[in-house]
Structure formats: structure tokens, C-alpha cells
Amino acid sequence: MKKRILAALLTLLMLAGMFTMTSCGTTKAGEANFDVPEGGYDGSEVTITFYNTMGSNLSTVLNLYIEEFNKLYPNIHVVSTQVGNYDDVRDQISTEITVGNQPNIAYCYPDHVALYNLAKAVVTLDNLIDSDVTVTRADGTTEVLGLTAEQKADFIEGYYNEGKQFGDDLMYTLPLSKSTEVLYYNKTFFDANGLSVPKTWEELEALCAQIKSIDPNSIPLGYDSEANWFITMCEQYESPYTSATGDHYLFDNETNRAFVKTFREWYQKGYLTTQTLYGAYTSGLFVSTNETKSYMSIGSSAGATHQRPAANADGSYPFEVGIATIPQVNADKAKVISQGPSLCIFQKDNPQEVIASWLFVKYLTTNVEFQAEFAMASGYVPVLKSVAENEVYADFISKADGGNYISARAAKVCLDQAHAYYTSPAFNGSSTARSQAGALITKCLTADDGGDVDAMIKKAFEDAVAECEYNS
């Protein structure tokens, strides 16, 4: 309800023309791109605010690099502000936009940007990225304002492309740090029973049957995010989910109903559970010492330490955790979701604030040392390919195991599957589609089918689309 109110208010402001930047160098409502002032950054003293969700450990890393950035640009003062969780950032900024008091930079997810764009509040980055203006730093060295060809090529493609999924082919964000889903499995149990890690969903189904025969009390698989599962299956099947333009909600189709029906059959056989059905993150079932446990868990790569069992008194672990890419419809055409915060820049009356914000965003997203340190501290993975060659990060990855360095093992899998990442279309309403996709999984797995499972599933899909349209 809160998001609907914010969206309605932002829409009214845009239609009324109350949020329209008019000073030199800014983008007016309806214009396509930020116009880079001649000369780029003029050295003027500006303060830029950066809204994020960083705790103390990540803020420590960030503050070190703010100091380094200030050596290059001493007149750009960066104020880092921790604002609760990701939704808190979104809600606070949405409110501040209505009075023109939004920050300069913020952590963001695609649906956040789509909401902010109802008021044309986010700077499009294309002209900044492509700018060949030379900027002089305080130490006398220079840099090109935009991204060099080498810098563009260094971004992991799937992460970079997330910034232009809004239907107009313009760039709105740059990636800061990312996570994905991976398959955690009890390697000790797998080795002891001669089990193979599944590469496809068909293999997973057969494996679940094997595990149930070995341990009838088990629930072989826990899947944390029902929404991610639904959306990923759409991508793997190359089946419509949503569109940023035209008809937004496309997921009610035969292919999608069929895979949901299959998951219902697996659930009824006791093969799986999900976060909603389990009532908590399924990592709890995976590391459980109770009679009922799971031997596989699909969850965030950033949460690897939660998938590790508690250590024994001697420091050893009850079992070794293996990590692999999630199962696929077609192992030769892998698709895995890309998640984690990106950075967006907001419109300001003073174009120098926008330029200064861009220089800082560029610094964080293209600095190999920062990306390496931030990744190791956060459990997320860096967004640059070249970080793998950084000496400190390479040493970290070399220690990857299923125990003390489980985060390194998760990161290694993420980097190895970089070719497989995808992102979904972003528009005002995409977060509702995501919520309804997750609810669909839960409902269709558990609902009484009244003797006609196909009719029940079809009705659930129709209701989900109707709910999306109602909340748009």
C-alpha cells in the first residue's frame, strides 16, 4: 500500500510539472540524457550525499576509499548516510523526491529506479559514460570523465546490462556489488552415497528420489526465494515473464503453468520446501541437526556463511559444504539471476553536483582495489573481471573451501558462471510482479485442487495477473 501511495504521488507531481529541473546541464522531464557541461568538473566545492545500507564493517571499507577519492578531488565532500534496509532507502527517497530533497547517490534495485523515474528524478548516464572530456585531479594527473573502452569491457556483462533494462535503452545505474543464487549441497553426504551434483532439473528430480530412499525423513531440497525460482524458470525456458513496455504482465502462459505443476508434484512427494513454507530461510533446514534435514539448499551466494553448519568443539565442521551452479533446463544455456545493489545518481539544480557524483560512482565501480576489499568484507562478488587477478583477492579465492572459507567458494562459483547472469525488465509494477510470482509458487504447491489441478493452477495465474494490474 505504501508503494502505491508513493507511486501515485510521484506520478501526480510529474504530470503537474512540479518536479522539472531547468538549470543548465540537468535533464528536464521528458528529455533523454544529462548534458555534460563544457569542461566537465570545474573544481568547485560541492557536497554529495550517498544513501546506502552499509553496516560498520562495510562503512569502514567505504570510508577508506572516500579518503583516497578526496586526495584526487579535495573539493568534493562525500557524506555517506546509512538508511536502514533497501526498502527503507527506497521509501525515504520517494518521499524526499516530492520536495526536491533527494540525495545525490543511492543504493538501488531496478524497481526502485522505475519508481523514482515516475518523477524523472534519476540521471541517465549515457552522456557521462561516453564523455571524452579530460578532468584534472588535485595531484595534477588527469582522467577521462567517461568510461574508457577497457573499463567498459572490464564489467561483468550481465551486471553492467542491468543498468539499461527500463525499456528505453538508456543507462540509469552502474553495478556496485552483486550476488546470485547457488546450489549448496552436503558434500560429505553426497560423497558417502555416491551422489552426483545435478546439472538439470530432471537430474534434480531423480536425485531427490535417491535421497528420499536413503533418508526417508529428509526434505532433500530447500529453495529460499519462490520469486527467484519462478522468474529463473521463465528465463531458462525462454518463456515470457514481464515486459518493460506494452503489456507488462506476460507470465500467465502454458509453459509457466506446466513447470509450476511439476513443482507441485515434487512438493507432494516430499522432495522440497521453500522459505515461505518452511517459515524461515531454508539454510536452517540444511544445517539442522534434527531428524528432518535437507541435503541441498538454493540460496544467495552472499549468505554462504549461513549455509555452513556450526563448528564442532575442535573447530571442525559436521560436514563439508559443496557449492555449484543451480540446476538448469538446458545446461548448455545456463541462466542464473543477478542481484545486489547498483548505484544511481539523482537530478540536482547544480550540474557540478551531478558531475561530482558521477566521478565518485565511477571511482567505486571501476576501482579494482575497492571492489576486492568490498567483496571480501561483504560476501558479495565484485563487478569487474580484473578483480580476479588482484593479488589479495586471488589469495582469498585460492583458500576456497566448504568450511572457514565458504564465502570464497561461493564467490568462485559466481565468477565462474558470469556468462549466465540475467536481469528482468524494470518498470513501475515490476516489484508487484515479483511478489505475485513468489505467491504463485506457494499457492500452487499447497492449494486444494478440488479434483482439477490444471483448473486450480490456471485460476491462480489469472488471479496473480489481475492483482498485478490492479496494483499498477
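Heavy atoms only: backbone and side chains are in, while hydrogens, waters and symmetry mates are out. From a predicted model like this one, the values you see are computed outputs, not experimental measurements.
Here the options are Q236, E235, E238, the test is side chain to side chain donor-acceptor pair (under 3.5 Å), and the partner is K333; only E238 passes.
Remark: S177 OG to Y107 OH distance equals 5.0 Å, nearest 0.5 Å. Residue N52 holds its CG atom at 6.5 Å from CG of L62, rounded to the nearest 0.5 Å. The distance from the OG1 atom of T365 to the CG atom of L174 is 4.5 Å, given to the nearest 0.5 Å. Note that CE of M54 and CD of Q82 are 10.0 Å apart. Values are rounded to the nearest 0.5 Å. Of the inter-residue distances, the one linking L72 atom CG with E143 atom CD reads 7.5 Å to the nearest 0.5 angstrom. With rounding to the nearest 0.5 Å, the separation of NZ in K335 from CD in Q328 is 9.5 Å.
Counted by atom type alone, N85 and T53 present zero donor-acceptor pairs between their side chains at under 3.5 Å. Judged by distance alone, the side chains of E467 and N471 do bring a donor and an acceptor atom under 3.5 Å apart. Side-chain contact check for S342 and E162: at least one donor-acceptor pair (N or O, by modelled atom type) lies under 3.5 Å. Side chains of D154 and S386: a donor-acceptor N/O pair is present below 3.5 angstrom, by distance only. No hydrogens or angles considered: nothing links the side chains of N256 and Y241 as a donor-acceptor pair under 3.5 Å. Looking at S80 and N63, their side chains never bring a donor and an acceptor atom within 3.5 Å of each other. No hydrogens or angles considered: nothing links the side chains of Q339 and S300 as a donor-acceptor pair under 3.5 Å.
Side chains of W358 and I129 form a contact here, defined as non-hydrogen atoms less than 4.5 Å apart. Contact of the Q371 side chain with the T366 side chain is not registered, since no non-hydrogen atoms from C-beta on lie closer than 4.5 Å. At a threshold of 4.5 Å between non-hydrogen side-chain atoms, the residues L145 and L359 count as touching. Taking 4.5 Å as the limit, every side-chain heavy atom of Y421 sits out of range of all side-chain heavy atoms of T423. Taking 4.5 Å as the limit, some side-chain heavy atom of E96 sits within range of a side-chain heavy atom of Y51.
Of all non-hydrogen atoms in F427 and A244, the two that sit nearest each other are CD2-CA, 3.8 Å. Nearest heavy atom pair, residue D224 against residue G299, reads OD2-CA, 4.0 Å. Among all heavy-atom pairs drawn from V133 and G40, the shortest one is CG1-N, 3.7 Å. The two residues A356 and I76 make their nearest non-hydrogen contact at CB-CD1, 3.6 Å. Contact between D88 and V83 at its shortest, heavy atoms only, is CB-O, 3.6 Å. Here the shortest heavy-atom pairing between I97 and A119 reads CG2-CB, 3.8 Å.
Put simply, the side chain of N428 never gets that close to the backbone of L115: no donor and acceptor are under 3.5 Å apart. In terms of modelled atom types and a separation under 3.5 Å, the side chain of K385 and the main chain of A153 share a donor-acceptor contact. Remark: the backbone N or O of T49 is paired with a side-chain donor or acceptor of N104 at under 3.5 angstrom. A donor-acceptor distance shorter than 3.5 angstrom exists from the side chain of K362 to the backbone of G146, with no hydrogens or angles considered. Using modelled atom types, one side-chain atom of S398 and one backbone atom of D395 make a donor-acceptor pair closer than 3.5 Å. Not a single donor-acceptor pair under 3.5 Å links the side chain of R434 to the backbone N or O of D111. Proximity of a side-chain donor or acceptor of Q102 to a complementary backbone N or O of Q347 within less than 3.5 Å is detected. Counting only distance, with no hydrogens or angles, the side chain of S301 and the backbone of T180 share a donor-acceptor pair below 3.5 Å. Within the 3.5 Å criterion, the main-chain N or O of D126 finds no donor-acceptor partner in the side chain of T124. In this structure, Y159 contributes its side chain and A418 its backbone to no donor-acceptor pair below 3.5 Å.
If you look at F374 and Y393, their ring centroids are not closer than 6.0 Å. Between F263 and W229, the ring center distance clears the sub-6.0 Å criterion. No close placement of the Y116 and Y172 rings is indicated, their centers lying 6.0 Å or farther apart. When ring centroids are compared, Y65 and F69 stay outside the 6.0 Å threshold.
Environment of CG in D247: sparse, with no more than 12 heavy atoms of neighbouring residues, nucleotides or ligands closer than 6.0 Å.
The aromatic rings of Y185 and F190 are tilted relative to each other, their planes meeting at an angle between 30° and 60°. Taking the six-membered ring where the residue is Trp, F360 and F50 present perpendicular rings, their angle passing 60° and hence far from 30°. Taking the six-membered ring where tryptophan is involved, the planes of Y109 and Y86 are perpendicular, since the angle between them exceeds 60° and thus also 30°.
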Subject >> Full working for side-chain contact (heavy atoms from CB on, under 4.5 Å) between I323 and I406 >> reply: CA-CA 9 Å; I323 306 177; I406 191 171; 3.9 Å; yes

**OP:** Could you check D130 against K152 for salt bridge (charged side-chain N to carboxylate O under 4.0 Å, His left out), going step by step and ending with a plain yes or no?
**Re:** CA-CA 10 Å; D130 295 334; K152 290 180 185 177; 3.0 Å; yes

**OP:** Could you check E226 against T276 for side chain to side chain donor-acceptor pair (under 3.5 Å), going step by step and ending with a plain yes or no?
**Re:** CA-CA 8 Å; E226 297 91 348; T276 300; 2.8 Å; yes

**OP:** Take T173 and C108 through the test side-chain contact (heavy atoms from CB on, under 4.5 Å) and record every step on the way to the result.
**Re:** CA-CA 8 Å; T173 67; C108 62; 3.6 Å; yes

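Between E254 and R257, none of the side-chain N atoms (NZ, or NE/NH1/NH2) sits under 4.0 Å from a carboxylate O, so this pair counts as no salt bridge. A salt bridge does not link R308 to D401: none of the charged side-chain nitrogens sits closer than 4.0 Å to a carboxylate oxygen.
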